[in-house]
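Chain identifiers are assigned alphabetically (A, B, ...) following the order of the sequence lines, protein sequences preceding nucleic acid strands; residue numbering begins at 1 within each chain.
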Amino acid sequence: METSISETRPTNFIRAIVERDLADGSTGGRVATRFPPEPNGYLHVGHVKAIALDFGIARDYNGRCNLRMDDTNPTTESVEYVEAIQRDIRWLGFEWDNLLYASDYFQQFYDLAEKLILDGKAYVDSSTEDEIRELRGTVTEPGRPSIYRSRSVQANLELFREMKAGKYPDGAHVLRGKIDLASPNMKMRDPLLYRIRHAHHYRTGDDWCIYPMYDWAHPLSDAIEGITHSLCTLEFENNRELYDWVVQNAMPSPHPHQYEFARLALDYTVMSKRKFIQLVEGGHVSGWNDPRMPTISGMRRRGFTPEALRNFAEGVGVARANSKTELAALEHAVRDNLNPIAPRVMCVIDPVRVVITNYPETGESLDAPYFPHDIGKEGSRAVPFARELFIEREDFMESPPKRFHRLSPGQEVRLRYAYIIKCIGVKKDADGNVVELRCEYDPDSKSGGTSAGRRVKGTIHWVAAETARSCEVRLYDRLFSVPDPGEGDVDFIEEMNPGSLKVVTNALVEPSVENDAPDTRYQFERQGYFWRDPEDSGTTGRDRPLVFNRIVTLKDSWAKVAASSAGDATADKQREKAPSANPKPKSDKAPRTPIQPQAITEGARKLIDSWGLSETQAVSLTEDASLADLFVRVVPEVINPAVAANWIINELPPVLKSADVDASTIDANQFAELIDLVDEGTITNLTGKELLAEILTTNESPRRIVASRGLAVVSDTGELRRIVAEVVAENGEKVEAYRGGKKGLIGFFIGQVMHRTEGRADPAVLRGLVEEELDQ
RNA sequence: UGCCCGGUCGUCUAAUGGCAGGACAGCGGCCUUUGGAGCCGUCGGUGGAGGUUCGAGUCCUCCCCGGGCAGCCA
């Protein structure tokens, strides 16, 4: 944990960046992150991902992570949220190095803004909101300057000071960065930096009547705190260019860097503050902490554990692709965490009475373990057994379907931890509802008894009628009945799941729960994980009523069987057949759109005519002026123009990019020499590519480098054969796999030889030799 | 429509140009005094077309699809 660089592969691309920066020292060996919520709402499961990332990186790389309230908009923020945010993060199990507030930097933000004005990089715009929008242009048209853009530095400074002094009403002026009104990135079209807002701020009170915008405050806050890696979600991608502009123009080095990742989305869930507010204010849920809400407070009240949530965040990973995670992944994390720690108890949610006619009036006490054999945990409790019991109504069926393994007339079932009983009679009321079952028990079938090992198909849970505690049980399900609530023209409220909460007031739980800590997470056997609602539940049945929240159900494979046999008996088989009867079109060969013939420009035509390039090559070349120019410079010096074109088109650009070099600076003679080296077969393609990167920054002749370092191609069969044999001998398993049909491994073997010859093995010769060796 | 970003099993996510792997879900089996858990097995993927290369998920070109940006919100 104290190692700064993990020895294992980083688990996501951001951690890879952090490790790279730590390795090359570009952040001075430091890692500093921050979690920057705006205190205008409650944290939700999407924030859990960000929190786990920000705090997790600081933890794992010996870094620091600040909690910073991004409180630059006085009209929406409050101390209530500040407190809730801290509570939620702590509950999740993370601790910040510093609790900070962007509002504490207001004076610095202001001073830096004055400096920016002095530098001529910001101006006060007195246009109206509508004018500013109008002049900003659109995504296809550039913006135009307002008449205020050319104000003098002095005028800007005076106006800005007067704005601060409260001389103007809201909206009279704004401060804007003077960047580029024609930028293709809308965020760079002279972004607003300050607006006038005569509003009371929950922390700074009435000290300020101008407030900084996010794009000014956020990068500066990061820079002030010495943040190295500023992580945010994908929608801020376009803001990065502005972020960099701000820190470069307002702050000394080193500068923080922003990296974006995909926000977490869950199916059957909404995840925006706006929608949460609608849910709460519309009375569709009981509050921000309604156990059906994906808020941290809601999930906490539901009974989710911090560890489950952290594991979930770890499990979904971090990437840049927009994605939507299945609810099943979250449920799995919760079950996985609870399974080994939740004691098993019995609770009958929909009771029906059972009388065991051959059981004595005096009951007995059974010792029942809290955990099943596979958990391997000690502990048990006493469970009273009696002549009259309750079982789950759905565990009895008068005329059961084929694979029903529970109680039915004449059939046997085991009572968990107790006896095998057989149903000998059914009592019904006038409406035909079952009101009581008459059963007989096998006295020898008790755990440890002579026929204890007797097998019956099913085991059901139960409680003794006399001693059971009545309780309320709240059964939660997904809040929405569709995977994408609010998608399209529909109101997401209309798509709420009417069955998302079922309250059962007459459930019966075994009495042992009265002795347990109030935050105990149970598994109610065969039903799911439950705990006491922290707000509405008493501890025992004697003070306030017991109220249990269902945290999550158990996986229920019976439900699937029941669902599939709900229709006709052959439903299963038909379902299996369906796919093959209707195979999905693997590839419909008809091209969707005809291939566009590439426009052959005059320049391209010329390249084709004078150098014999293909149309594709010519077109590619002419699309980039610097590349086309390079080609023209290089081609007189090379043997084969087509090879030169391929190198310029395919191999050069990535090297240029990674070396941050411009094509125009390339020495044509050297480049030509390199191309010829490859073309004439003196060096391999691979060696050529490596040399390419090198000659961009040095002035040495490729031919001389090849000679002095012995980089010439190895095509001597004897030499290559020896190395191939070596590799084959060292990788017996792979050889076997290859011979077993895994032909893709040919790449592995060639790669190995390439590696050992440092890329100098002649590929064409090599492949033949490897195949020969492997196939013998 | 201009710019930016993205597209790998049903879902999420890996793969210095060299074995397309893991998790969840599904299916099947074993085990089981929870139709739970566990164990084993299995199904299943590089959006498309060209190009470069001995070798492409990865590099180049074009196309298709998805997301973001035109708040004095963050």
Side-chain angles (χ1 to χ4, degrees), chain A residues 9 11-12 36 38 40 70 72-73 76 129 132-133 136-141 143 170-171 174 183-187 189 192 194-197 213-214 218 234-239 241 260 262 267 315-326 328-329 332 335 339-340 344 372-375 403 405-406 414-418 447 452 455-456 458-461 523 525-527 554-559 561 587 591-593 595-596 598 614 616-617 619-620 623 646-647 649-651 653-654 685-686 734 737-738 742 744-752 754-755 762-767:
Chain A
R9 199 183 277 297
T11 51
N12 62 57
E38 183 186 13
N40 69 346
D70 209 353
T72 56
N73 185 353
T76 59
E129 202 173 333
I132 288 177
R133 186 172 32 250
R136 186 153 31 216
T138 69
V139 291
T140 50
E141 306 157 39
D170 289 6
V174 291
S183 172
N185 181 353
M186 297 292 291
K187 296 286 178 199
R189 319 249 263 226
L192 272 62
Y194 270 92
R195 77 282 214 184
I196 299 173
R197 200 87 119 197
M213 302 289 291
Y214 167 88
H218 195 83
L234 244 29
E235 69 269 25
F236 292 100
E237 234 172 326
N238 298 61
N239 299 62
E241 192 180 354
E260 312 89 19
D267 56 11
V316 296
V318 180
R320 282 178 66 86
N322 292 309
S323 57
K324 179 164 287 192
T325 300
E326 289 176 341
H332 171 263
R335 290 191 189 107
N339 175 44
R344 273 59 170 175
H373 56 95
D374 56 294
I375 303 290
R403 285 181 283 175
H405 297 157
R406 293 169 267 170
R414 176 174 289 280
L415 295 174
R416 181 80 162 148
Y417 307 118
S447 300
R455 299 284 304 264
V456 288
T459 300
I460 63 174
H461 61 278
Q523 184 190 110
E525 294 215 39
R526 306 206 305 128
Q527 317 237 46
L554 254 26
K555 276 178 68 176
D556 183 2
S557 46
W558 164 251
V561 176
S587 71
R592 262 150 268 200
T593 44
I595 308 287
Q596 294 289 325
Q598 289 180 319
S614 73
T616 325
Q617 286 174 320
V619 170
S620 298
E623 267 162 11
N646 275 343
W647 272 79
I649 294 164
N650 292 309
E651 311 295 0
N685 225 287
L686 215 51
K734 294 262 177 17
Y738 176 87
K742 199 160 179 180
L745 280 167
I746 185 86
F748 165 79
F749 290 105
I750 294 176
Q752 285 295 307
M754 280 297 182
H755 204 73
D762 183 333
V765 178
L766 213 208
R767 176 168 284 261

With heavy-atom distances below 4.5 Å as the criterion, would you say the side chains of [X] and [Y] are in contact?
| X | Y | answer |
| --- | --- | --- |
| A:His218 | A:Thr72 | no |
| A:Gln752 | A:Lys734 | no |
| A:Leu554 | A:Gln523 | yes |

Write down the partner of [N] under the Watson-Crick or G-U wobble criteria, each distance required to be under 3.5 Å.
| N | answer |
| --- | --- |
| B:rC59 | B:rG51 |
| B:rG66 | B:rC5 |
| B:rG71 | none |
| B:rC30 | B:rG38 |
| B:rG17 | none |

Taking any heavy-atom pair under 4.0 Å as a contact, classify [X]: base, sugar-phosphate, or nothing.
| X | answer |
| --- | --- |
| A:His332 | sugar-phosphate |
| A:Pro372 | base |
| A:Ser323 | sugar-phosphate |
| A:Arg197 | sugar-phosphate |
| A:Arg320 | sugar-phosphate |
| A:Glu525 | base |
| A:Asn239 | base |
| A:Leu745 | base |
| A:Val456 | nothing |
| A:Tyr417 | base |
| A:Leu766 | nothing |
| A:Thr76 | nothing |
| A:Val316 | sugar-phosphate |
| A:Arg136 | sugar-phosphate |

Nucleotide [N], atom [atom2] - distance to [atom1] of [X] in whole Å:
| X | N | atom1 | atom2 | answer |
| --- | --- | --- | --- | --- |
| A:Asn322 | B:rU13 | CG | P | 10 Å |
| A:Tyr738 | B:rG55 | OH | C1' | 13 Å |
| A:Lys555 | B:rG26 | NZ | P | 5 Å |
| A:Ile746 | B:rG18 | CD1 | P | 15 Å |
| A:Asn185 | B:rC4 | CG | P | 9 Å |
| A:Ile132 | B:rG71 | CD1 | C1' | 11 Å |
| A:Arg189 | B:rC72 | CZ | C1' | 18 Å |
| A:Phe236 | B:rC73 | CZ | C1' | 9 Å |

Fill in: Stacking of A:His218 on B:rA74 base (centres under 5.5 Å, planes under 30°)
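The ring of A:His218 is not stacked on B:rA74.
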Which one, [options], comes nearest to the side chain of [X]?
| X | options | result |
| --- | --- | --- |
| A:His755 | B:rC62, B:rC24, B:rU16 | B:rU16 |
| A:Met213 | B:rG68, B:rG36, B:rC73 | B:rC73 |
| A:Asn650 | B:rU52, B:rG36, B:rC69 | B:rU52 |
| A:Arg9 | B:rA74, B:rU16, B:rG2 | B:rU16 |
| A:Ala328 | B:rC24, B:rC69, B:rC4 | B:rC24 |
| A:Asn73 | B:rA74, B:rU32, B:rU52 | B:rA74 |
| A:Met754 | B:rG18, B:rA70, B:rU52 | B:rG18 |
| A:His373 | B:rU53, B:rA74, B:rG36 | B:rG36 |

Item to complete: Could you tell me whether the side chain of A:Arg767 and the main chain of A:Ile750 form a donor-acceptor pair under 3.5 Å?
Response: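 Absent.
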Fill in: Whether A:Asn238 side chain and A:Asn185 backbone form a donor-acceptor pair below 3.5 Å
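Checking the backbone N and O of A:Asn185 against the side chain of A:Asn238, no donor-acceptor pair under 3.5 Å is found.
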For [N] and [M], measure between their [atom1] atoms and round to the nearest Å.
| N | M | atom1 | result |
| --- | --- | --- | --- |
| B:rC60 | B:rG18 | P | 15 Å |
| B:rC65 | B:rU1 | P | 9 Å |
| B:rU13 | B:rG45 | C1' | 12 Å |
| B:rG38 | B:rA23 | P | 12 Å |
| B:rG10 | B:rC3 | P | 33 Å |
| B:rU11 | B:rA49 | C1' | 28 Å |
| B:rG66 | B:rC27 | C1' | 31 Å |
| B:rC5 | B:rG44 | P | 36 Å |

Quick check on [N]: is either OP1 or OP2 less than 4.0 Å from any side-chain nitrogen or oxygen of [X]?
| X | N | answer |
| --- | --- | --- |
| A:Arg414 | B:rU34 | no |
| A:Thr72 | B:rA74 | yes |
| A:Thr459 | B:rU32 | no |
| A:Arg195 | B:rA74 | yes |

Worksheet item: Looking at B:rG35, does its base get a donor-acceptor pair with the side chain of A:Asp556 below 3.5 Å?
Response: no
Discussion item. Given the structure, check if the side chain of A:Glu326 and the base of B:rG10 hold any donor-acceptor pair shorter than 3.5 Å.
Written reply: yes
Worksheet entry | For B:rG71, glycosidic torsion class - syn if within 90° of 0, otherwise anti |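 Classified syn.
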Worksheet, complete the sentence: Between A:Leu745 and A:Tyr738, the two heavy atoms sitting closest are CD1-N, 3.8 Å
Worksheet, complete the sentence: Per nearest nucleotide of RNA chain B, the residue lying toward the 5' end, A:Gln523 or A:Arg767, is A:Gln523
Worksheet item: For RNA chain B, whose closest nucleotide is more 5', that of A:Ala764 or that of A:Gly171?
Response: A:Ala764
Fill in: Atom pair CZ (A:Arg344) and CG (A:Asn339), whose distance is rounded to the nearest 0.5 Å
5.0 Å
